[in-house]
Amino acid sequence: MVIVERDNKKIKICNQILRTICKHIQLQSSDSEAGGIIVGRENRGNNNVVLEYSTEPMKNDVRTRTRYLRKDSGHVEYYKQLYNENNGIYAYYGEWHTHPEDKPCYSLTDLVNWKKIARGDPKGIQYHIIAGRKYLTIWKMKKGYLMPDKICEVKWDEVFL
Ligand SMILES: [Zn+2]
């Protein structure tokens, strides 16, 4: 899936990330929230971004019907390993998690968390994904901006077209 931003910058989200997230959509009333991190790289030359890898819920994460807390250190370790094995071309690009609603909106908790991440990330830009039951929505968080910018909202049926 490719998102074209207003300034013609392209964000490519590889199918392996979308397939991972899709597996965790909360279709059953007993399904807990799931989440992980997104790892990607910037294309040299044109500044386009390729989001390529993601993690899945791990043992020490906190998961309830309406909450996901990424507590397991395995997420960051996964990123560090990718970084080290590829001469530092990969960077942390954001978080994904599921919501038990059709069309996801970020919660106040999400906003506080995304702002905290923005303050600590020298790269200055993150892409956060929330997977609802019917829609997948992506927000861009940019250094110096108070609110995230919704850059994509797509029905799950159309994600893999
Ligand atoms: Zn949330």
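Just follow the structure's listing: the first ligand is 1, and inside any ligand the first atom is 1.
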Item to check | Residue pair P148 / M141, side-chain heavy-atom distance below 4.5 Å | outcome: yes

Checklist entry - Among the protein atoms near the Zn ion (ligand 1), how many are N, O or S and lie under 2.8 Å away? => result 4

Item to check | Donor-acceptor contact present, side-chain R63 to main-chain E33, <3.5 Å | outcome: yes

Item to check | Short side-chain to backbone donor-acceptor contact, Y93 and V39, under 3.5 Å | outcome: no

Checklist entry - Any ion pair linking E56 and K23 (charged N to carboxylate O, less than 4.0 Å)? => result yes

Checklist entry - Aromatic ring centroids of W139 and H128 under 6.0 Å? => result no

Checklist entry - Can K103 be said to sit on top of Y135's aromatic six-ring, NZ or CZ under 6.0 Å from centre and within 45° of the ring axis? => result yes

